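For reference, the structure discussed in these notes is given below.
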Amino acid sequence: MRQATSTRLQGLHLVPFTLYLPPLSLQLMSKKVRVRFAPSPTGGLHLGGVRTVLYNYLFAKKHGGDFILRIEDTDQTRYVPGAEEYIFNCLKWTGLEPDESPQHGGEYGPYRQSERKADYRQYAEQLVKDGHAYYAFDTPEDLEKMRTDFKTDHNPSPQYDHSIRMKMRNSLNLTAGEVKQLLDAGTKHDIRIKMPENETVSFTDMIRSEVSFETSLVDDKVLLKADGMPTYHLAVVVDDYLMKITHAFRGEEWLPSAPVHVLLWKYLFGLENMPQWAHLPLILGPNGKLSKRDGAKYGFPVFAMSWTDPKTAELTEGFKEKGFLPEAFINLLALLGWNDGTEQEIFTKEELIEKFSIERVHSGGAKFDYEKGKWFNHEWIKRSAIQNLKYEVRKLFAEKGITDTNDALMDKIIGLVKDRCTLLTDFYDQSVFFFKTPEQYDLNAVKPKWNETKQLFFAEVIRNFELSNDWNAQTLENNFKEIASINQIKPGDVLLPLRVMLVGGKFGPGVFDIAEVIGRDETIIRITKALSAFNAG
RNA sequence: GGCCCGUUCGUCUAAGGGUUAGGACACCACCCUUUCACGGUGGUGAUACGAGUUCGAAUCUCGUACGGGCUACCA
């Protein structure tokens with residue numbers, strides 16, 4: 001793998017010239033980096049998709065290139081309204097916005113494959129003319145029959161390949177006249193690639209170096225469907241060419257069909273123009289490739305943002321709604337399969353752009369660990385400036401009915417509780433007591449040791465607080481401890497009860513900080529109210 | 001079944017032939033804190049197996065096992 005590094009880098013012209021000086025012609029031809037993310041708008045955008053976006057984006061920005069978003073909507077049967085806009089929202093939230101897209105425009109449009117439909121057939125026809133593809137008139141039923149007829153224990157899923165194609169209805173074994181007749185009659189047909197029988201197709205993947213395939217083992221993939229739309233295989237090659245894509249990153253699940261793409265490049269546009277490939281390792285769930293189901297089953301988000309299936313109305317919660325900061329989300333995704341070789345784990349987007357390199361992407365799949373994911377978010381919340389959290393926290397409060405939030409109060413509260421919040425949504429539980437008098441108390445924490453001495457002590461605290469003319473945490477603490485000392489009570493014995501009085505439970509920031517924020521009246525009200533609860537029962 | 005990819009603590013990973021195999025999450029203990037956290041210190045814990053190459057292998061080669069992906073007129 002190390003040896004392949006120099007090979008990979010040559011294409012990027014990053015090898016120091018002391019080691020490798022590319023020919024002048026190559027240097028002059030050095031193209032602007034252009035990468036693309038090409039989702040099909042069929043539903044929620046999951047972790048793996050966002051990571052692919054991230055790696056594309058980082059690579060583009062690092063090399064001063066362009067990041068393009070292309071919508072692969074060639075399957076009309078899978079059209080899902082709203083999915084495209086949803087993808088844009090996700091990119092916007094994560095801050096990984098494309099330079100060119102259906103919405104941003106650009107010079108290489110259209111950026112929706114359905115809008116380029118007419119272009120694809122000419123390339124497919126060209127392939128037929130050159131003998132690299134053929135018309136196939138098989139109906140779905142014919143194909144189904146083929147699969148059952150040729151199915152054996154030895155070969156459970158027969159493919160439409162060189163061993164089968166001469167037994168099917170296609171332009172390879174029909175006469176030219178028959179084919180013309182069928183075509184003229186407007187017979188439904190598709191176009192398949194004719195895989196060579198004895199070739200080895202290999203290419204250099206930026207992550208796994210040399211990968212090779214025997215063409216006789218690859219099936220004759222459909223290139224153009226009967227409805228005139230291209231399949232992914234044709235579209236990805238044509239579009240990458242037309243959009244001048246220089247580097248193509250996609251999930252490892254595409255590796256088996258890579259030889260088809262390489263061959264199409266060879267036949268259509270020349271291998272020298274083919275983008276450099278990088279097949280990204282898969283993000284795994286507890287059982288294989290991470291799926292939406294895993295999220296539901298194990299209780300963690302899988303999609304970037306919440307997605308509601310328009311057909312079933314089923315809602316799948318996203319990382320955003322779960323309480324993740326986009327910075328943390330990006331950070332955790334970046335580290336899932338990549339690291340910079342140091343022990344640094346927290347990276348800003350700018351640092352990632354600076355340090356990212358596709359060669360350091362791991363080749364093995366990575367199991368997603370939600371606990372570690374939450375750790376990243378916690379780190380980001382702790383390190384975030386109060387200003388960066390205020391908008392989201394205030395929104396959360398508003399959703400819960402807390403609207404009396406002025407800036408000074410928010411600053412104070414966020415500063416006090418942010419270290420204790422792993423998710424943005426934790427801010428509610430961690431600060432609700434600033435706004436609401438506790439309804440219930442953790443009596444177990446107080447009752448066993450509750451006695452008359454303490455009761456009298458708090459009565460005195462109330463009197464003292466009523467007269468205190470300097471309402472701040474430090475003064476309150478001093479007074480409180482002084483009263484305790486006079487009554488020969490250890491401060492520790494009354495601190496916890498005070499906390500439960502103000503908060504309701506054993507958690508939260510310093511008690512006197514809380515008292516300072518909620519103010520004199522509310523503090524006294526809470527102590528008084530709690531006193532009767534403690535004394536009762 | 002076939003093809004392809006992969007395999008270092010439970011998880012994410014570092015280590016470019018020579019390290020007591022390093023870090024992080026999680027877990028445990030202790031310290032700090034008279035709350036909960038934060039923070040600090042320490043601990044448990046890994047090179048899948050077998051051959052080969054080499055003075056020396058986590059690292060290179062081969063085999064085996066295991067895991068994953070693909071095997072649609074879906075992407």
Side-chain angles (χ1 to χ4, degrees), chain A residues 1-3 5 38-42 72-75 77-78 136 138-140 143-144 147 151-161 188-192 205 207-208 211-214 216-219 221-233 235-236 250-259 279 281-282 284 286-289 332 335-346 362-376 378 382 417-422 430 442 445 490-500 503 505-511:
Chain A
M1 185 166 137
R2 289 295 171 188
Q3 279 186 329
T5 303
S40 97
T42 51
E72 306 230 340
D73 57 349
T74 53
D75 186 355
T77 63
R78 295 213 303 165
D138 314 282
T139 64
L143 295 174
E144 189 52 42
R147 285 191 199 99
K151 184 175 177 175
T152 60
D153 285 348
H154 189 65
N155 182 13
S157 41
Q159 304 198 103
Y160 199 124
D161 61 13
K188 283 260 181 196
H189 65 279
D190 57 38
I191 293 180
R192 286 179 181 267
D205 186 282
I207 295 172
R208 26 202 114 226
V211 185
S212 62
F213 302 82
E214 291 304 319
S216 61
L217 270 3
V218 181
D219 63 326
K221 292 253 185 291
V222 170
L223 265 20
L224 198 74
K225 299 185 266 188
D227 66 1
M229 280 289 194
T231 58
Y232 172 85
H233 308 294
V236 72
R250 68 203 330 184
E252 191 185 342
E253 71 268 27
W254 289 108
L255 211 38
S257 54
H279 289 87
L282 261 16
L284 279 3
N287 311 297
K289 196 161 108 173
L332 77 90
L335 273 280
L336 208 52
W338 172 86
N339 72 84
D340 75 341
T342 71
E343 283 171 3
Q344 184 176 351
E345 294 200 272
I346 302 298
H362 235 255
S363 47
K367 205 174 283 184
F368 175 61
D369 180 3
Y370 186 48
E371 292 306 318
K372 180 99 186 216
K374 285 193 290 190
W375 174 80
F376 275 105
H378 193 186
K382 282 190 296 185
V417 307
K418 70 187 184 109
D419 280 4
R420 287 152 234 265
C421 297
T422 297
Q430 289 296 332
D442 182 352
K490 280 189 289 185
D493 290 340
V494 278
L495 235 21
L496 186 61
L498 177 63
R499 165 172 302 280
V500 175
V503 174
K506 293 198 293 180
F507 63 96
V511 254

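Note on naming: letters A, B, ... go to the chains in the order of the sequence lines (proteins, then strands), and numbering restarts at 1 for each one. For clarity, every value in this text was computed on a predicted model and none was experimentally measured.
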Quick tally for nucleotides 67-75 of chain B: nucleotides whose base has a protein heavy atom under 4.0 Å get B, sugar-phosphate-only ones S, the rest -, giving -SBSBSBBB
As its Watson-Crick or G-U partner within any shown strand, both distances under 3.5 Å, rG45(B) has none
Could you work out which one of rU13(B), rC4(B), rG1(B) sits closest to the side chain of Asn155(A)? rG1(B)
What is the nucleic acid contact for Phe376(A), judged by heavy atoms within less than 4.0 Å: base, sugar-phosphate only, or nothing? nothing
Examine rU13(B): is either OP1 or OP2 under 4.0 Å from a nitrogen or oxygen in the side chain of Asn339(A)? Give yes or no. no
Between CG of Asp340(A) and P of rG23(B) the distance, given in whole Å, is 17 Å
Residue set satisfying side chain to side chain donor-acceptor pair (under 3.5 Å) with Asp138(A), at least two apart, ordered chain then number -> Tyr160(A)
With a 4.5 Å limit on heavy-atom distance, are the side chains of Leu332(A) and Lys372(A) in contact? no
Separation of rU13(B) P from Phe368(A) CZ (nearest whole Å): 13 Å
In whole Å, I'd like the distance from the CG atom of Leu335(A) to the C1' atom of rA14(B). 12 Å
Which nucleotides of nucleotides 42-47 of chain B have their base under 4.0 Å from a protein heavy atom (B), which only their sugar-phosphate (S), and which neither (-), written as one string 5' to 3'? ------
Partner residues of His279(A) under the side chain to side chain donor-acceptor pair (under 3.5 Å) criterion, sequence neighbours left out: Asp205(A), Arg250(A)
Would you indicate what Thr42(A) reaches in the nucleic acid, counting non-hydrogen atoms under 4.0 angstrom: base, sugar-phosphate, or nothing? nothing
Salt-bridged, Asp219(A) to Lys221(A), with N to O below 4.0 Å? yes
By salt bridge (charged side-chain N to carboxylate O under 4.0 Å, His left out) - contacts of Asp190(A) (at least two apart): none
Could you work out, with ring-ring contact (aromatic ring centres under 6.0 Å, His included) as the rule, every residue matching Phe213(A), not counting sequence neighbours? none
Rounded to whole angstroms, how far apart are CG on Leu332(A) and P on rU13(B)? 12 Å
For rC62(B), glycosidic torsion class - syn if within 90° of 0, otherwise anti: anti
Below 4.5 Å, heavy atoms only, C-beta onward: do Met229(A) and Asp75(A) meet side chain to side chain? no
Both distances under 3.5 Å, Watson-Crick or G-U wobble: report the partner of rC62(B), or none. rG50(B)
Leu336(A) atom CG is separated from rA14(B) atom P, nearest whole Å, by 12 Å
Who does rA72(B) pair with, Watson-Crick or G-U, both distances under 3.5 Å? none
Select base, sugar-phosphate, or nothing to describe what His279(A) touches, counting heavy atoms under 4.0 Å on all strands. nothing
Compare all side-chain heavy atoms of Lys188(A) with those of Thr139(A) and state whether any distance is below 4.5 angstrom. no
Those residues that, when tested against Trp375(A), pass ring-ring contact (aromatic ring centres under 6.0 Å, His included) (two or more places apart): none
Round to the nearest Å and state the distance from Arg208(A) atom CZ to rC5(B) atom P. 9 Å
His378(A): what forms a ring-ring contact (aromatic ring centres under 6.0 Å, His included) with it, not counting sequence neighbours? none
How does each nucleotide of nucleotides 25-40 of chain B score, in 5' to 3' order, for protein heavy atoms under 4.0 Å: base (B), sugar-phosphate only (S), or none (-)? B--------BBBBSS-
Can you name the residues that form a ring-ring contact (aromatic ring centres under 6.0 Å, His included) with Tyr232(A), not counting sequence neighbours? Trp254(A), His261(A)
Can you name the side chain to side chain donor-acceptor pair (under 3.5 Å) partners of Gln344(A), sequence neighbours left out? Glu351(A), Lys355(A)
Which value, in whole Å, describes the distance between the C1' atoms of nucleotides rC5(B) and rC38(B)? 43 Å
Scan every strand shown for a Watson-Crick or G-U wobble partner of rG10(B), both distances under 3.5 Å, and answer none if you come up empty. rC25(B)
Sugar-phosphate only, base, or nothing, as touched by Val211(A) at under 4.0 Å among non-hydrogen atoms: sugar-phosphate
Partner residues of Lys382(A) under the salt bridge (charged side-chain N to carboxylate O under 4.0 Å, His left out) criterion, sequence neighbours left out: Glu379(A)
